[in-house]
Amino acid sequence: MRAKLPDYMVPGNFIWLEKLPLLPNGKIDRRALPPSGDLDGCNEGTVMEPRTEIEILIGQIWQEILRIDNVGVEDNFFDLGGHSLLAAQVAARMRAVFHKPVALRDLFESPTIAGLAPRVERVVRPDQEKDLPAITPVPGKGAVGLSFGQKQLFLFGQLFGGADFLNMPYAYRLEGRVDVAALKKAIQEVVNRHDPLRTAFIDTADGARQVVRRRLTVKLSIVDLARLPKKKRDNKLDEISKRDAARTFDLEKPPLFRTTLLRLADDQYTLLVTMHHIISDQWSMGVFRKELAALYEAFTTAMPSPLPALPFLYSDFITWQKQLLKSGAFERQIAYWRQRLDELAPALEFRREPNLKSAPRFHSARQPMEFTYDLVARIKSFARAQNCTPFMVFVTALDVLLYRWTGETDIRIGTLVANRGQAGTDGLIGYFVNALVLRTRVLPAMTCVEVLRDVRETCLGAYAHQDVPFEYLETLLAKKRKRARPPLYQVMFNYRNLWTPTLKSNGLTIASWNGKNRASDPGIAMARLDVNFHLHEMSTKFTGAVNYKTDLFDRSRIAKLLADYSAILKQMIAYPKRRIAKIAVSQVGRR
């Protein structure tokens, strides 16, 4: 239609109906038609969430200009109702947000957020490298080493004896009659496509290596609970779920994942999927779920796999990353981090309660936290008004909290990124996650919005230089640091959108299920961190948890810390020009 019609005549929305509502005379009953803004169900399950702060900012601009609620990074601007006049508004809005001119031509040539974001990054950060070379298949690799992130997880596994906190236990509620044979075939095809699901990790004299098996047959365990009374059935489901989530893996014996199908009734099932973190991450679980639904639908109708061949494998990504580090392709990014982190920052000293007994250095505990939907809605509105993202608001409040509790003005916070900016990585299963350090100066005379602006620039700079593996960077910087000095960060904050739309596959409904010990995110208690914040944005609520060292905090003190955090967020929104020194916190946090 765009090829034959002017922009203003191309429909902005499409709504699919089973049939048109008709009046007795055969004409269309216009009053019975759904409103034009009702897009529920269209593109269900296809929205790909933003991966970087720049993508989030562009998405917010599109939502504002197009007046829609949800945008995926692969959604086409013009398919969402955009046209040349709105494109000009987007370009003007991006100039105001990024403080740099973004050409209107860029939007027409790259009409998706995923395509536009790299162009914006080159405008915002002209000092970074030219486009990195594409990842390509490497034939005849044989055994390869571990990625930098995998090495860390492998070390954890050795230190803690295959601890269950390295498991990623997910579950899905299946409604409808399940074709078990087709489901087994679909799971097997996912394994055939992704090499981490066929990988063994071997500790050799030359270091840990991973060996990918060419073929690996997996099994689907089936448990029938349908004959049990409802109460016993629910208890048994929770028991099996808890036991499955806690059962550890032997890294030398693939597959490092397992699936269990529990039949609850003729048309009700629960599918447990547990993976070791060394072969997967949260993004990977989305890939697994999406491919499983597509393959199941094809196999139940005797059709071949509809999925395109993967452009490369996870092992090719590892080879690509190490070759670029060796060739010096990341030198500018490394120089950026040296400039940001070479100078030693003082340790954050959390005052210990007088009655708090000493505890083992690696012992930690977990405290749930939750924010009301109303508060987060106000945070989102405040973020849009300040040309930033909700993540930046949460980080700013945490910076202020840490300053008020420790008295230090040089604050470093760690965060995790999906690290899937290279073309082709978004469709792979594997451990891509990378850590970034957000360093901010918080002074008592600064206002809340002044700190927020600094955090915004810090985040944009960090995301524009996220390709360097954190473990590699940490090793480089450690050569200049004394052994007794603190790590690059002691506090971590992660904010993730975990809402996953319900999928439909040939009469089968696939929805997420959070049952007993089924985590939406692995509960890794990073032993070297003092405090680890996890905030999850779900469809109707915002919840999470804080992992903390018990030799620094007890439960009551952590409760005060979280209460202060919530109070700071509320004060930032209500009084954005209030000076940091005037932010009210509990007495326990003041030095």
Side-chain angles (χ1 to χ4, degrees), residues 141-170 187 190-191 193-204 206-213 216 218 244-259 272-289 310 312-322 416-420 425 427-435 469-472 474-475 492 494 496 518-529 532 534 547:
K141 291 187 297 294
V144 298
L146 278 59
S147 70
F148 289 92
Q150 285 180 320
K151 288 179 182 179
Q152 190 86 341
L153 296 177
F154 187 83
L155 178 60
F156 279 170
Q158 289 183 316
L159 289 175
F160 298 102
D164 60 4
F165 64 74
L166 295 177
N167 288 354
M168 299 183 66
Y170 284 68
I187 294 173
V190 176
V191 173
R193 287 170 55 81
H194 298 278
D195 57 340
L197 302 181
R198 308 188 308 275
T199 297
F201 295 81
I202 311 297
D203 192 9
T204 71
D206 296 325
R209 311 288 291 176
Q210 52 183 319
V211 180
V212 180
R213 295 189 182 181
L216 182 66
V218 296
D244 177 79
R247 186 154 55 95
T248 59
F249 293 94
D250 183 344
L251 294 183
E252 294 188 0
K253 298 178 180 179
L256 301 181
F257 84 101
R258 53 181 171 265
T259 54
L272 306 181
V273 181
T274 301
M275 294 193 183
H276 195 287
H277 208 9
I278 202 169
I279 64 166
S280 182
D281 52 23
Q282 181 195 347
W283 188 288
S284 299
M285 297 306 299
V287 174
F288 178 88
R289 182 171 174 267
L310 297 174
F312 51 85
L313 300 176
Y314 179 73
S315 53
D316 296 319
F317 164 76
I318 296 176
T319 303
W320 170 86
Q321 187 182 64
K322 292 183 177 180
L416 299 179
V417 290
N419 194 29
R420 291 176 183 258
T425 56
L428 295 184
I429 291 176
Y431 185 79
F432 287 87
V433 174
N434 195 23
F470 174 76
E471 293 78 13
Y472 178 83
E474 191 175 36
T475 301
M492 175 173 278
N494 281 305
R496 299 179 182 178
R518 308 311 296 185
S520 298
D521 193 30
I524 299 179
M526 297 293 188
R528 67 177 181 175
L529 300 178
N532 196 351
H534 298 276
N547 290 358

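Keep in mind it's a predicted model, so treat the numbers as computed, not measured.
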Please examine the side chains of T248 and H276, heavy atoms only from C-beta on, and report whether any two atoms are closer than 4.5 Å. no

Pairwise side-chain contact, V273 with R289, heavy-atom cut-off 4.5 Å (strictly under): no

With sequence neighbours excluded, what pairs up with I202 under the side chain to side chain contact (heavy atoms under 4.5 Å, CB included) test? A200, T204, V211, E252

Partners of F257 by ring pair (Phe, Tyr, Trp, His ring centres under 6.0 Å), sequence neighbours excluded? none

Residues forming a side-chain hydrogen bond (donor to acceptor under 3.5 Å, both in side chains) with N434, sequence neighbours excluded: none

In the structure I gave you, are the side-chain heavy atoms of L251 and Q210 within less than 4.5 Å of one another anywhere? no

Can you find a heavy atom in the side chain of F470 that is under 4.5 Å from one in the side chain of Q152? no

Does the N167 side chain pair with the main chain of R247, one donor and one acceptor, at a distance under 3.5 Å? yes

Considering all heavy atoms, the nearest S315-D195 contact: OG-OD2, 2.9 Å

For E471 versus T475, what's the shortest heavy-atom pair and its separation? O-OG1, 3.0 Å

The side chain to side chain contact (heavy atoms under 4.5 Å, CB included) partners of V287 (sequence neighbours excluded) come to H194, W283, E291, I429

How far does OG1 of T319 sit from CG of L313, to the nearest 0.5 angstrom? 10.0 Å

With sequence neighbours excluded, residues passing ring pair (Phe, Tyr, Trp, His ring centres under 6.0 Å) with F432: Y314, F317

Closest approach of L428 and R420, non-hydrogen atoms and distance? O-NH1, 2.8 Å

Salt bridge (Lys or Arg N to Asp or Glu O under 4.0 Å) partners for R258, two or more places apart: D244

Is F249 close to L166 at the side-chain level, that is, under 4.5 Å between some pair of heavy atoms? no

Given side chains that start at C-beta, do those of Y431 and I279 come closer than 4.5 Å, heavy atoms only? no

Which pair of non-hydrogen atoms, one from I187 and one from T259, has the smallest distance, and what is that distance? CD1-OG1, 4.0 Å

Side chain to side chain contact (heavy atoms under 4.5 Å, CB included) filter on S280, not counting sequence neighbours, yields M168, M275, S284, M285

Pair K253, F201 - check side-chain contact (heavy atoms from CB on, under 4.5 Å), show working. CA-CA 8 Å; K253 298 178 180 179; F201 295 81; over 6 Å; no

Show the numbers, then the answer: is there a side-chain contact (heavy atoms from CB on, under 4.5 Å) between L197 and V190? CA-CA 8 Å; L197 302 181; V190 176; 3.9 Å; yes

Contact list for residues 147-159, test salt bridge (Lys or Arg N to Asp or Glu O under 4.0 Å), sequence neighbours left out: none

Tell me, do L272 and P169 make a side-chain contact under 4.5 Å, heavy atoms counted? no

Could you list the residues that satisfy side-chain hydrogen bond (donor to acceptor under 3.5 Å, both in side chains) with D203, not counting sequence neighbours? Q158

Value for CG (N547) from CZ (F165), rounded to nearest 0.5 Å, stands at 10.5 Å

Output the distance between atom CD1 (I278) and atom CG (L146), rounded to the nearest 0.5 Å. 5.0 Å

Which residues pass the side-chain hydrogen bond (donor to acceptor under 3.5 Å, both in side chains) test with N419, not counting sequence neighbours? none

Any side-chain heavy-atom pair of R198 and V191 under 4.5 Å: yes

T199 and P254 have their tightest heavy-atom pair at O-CB, 3.3 Å

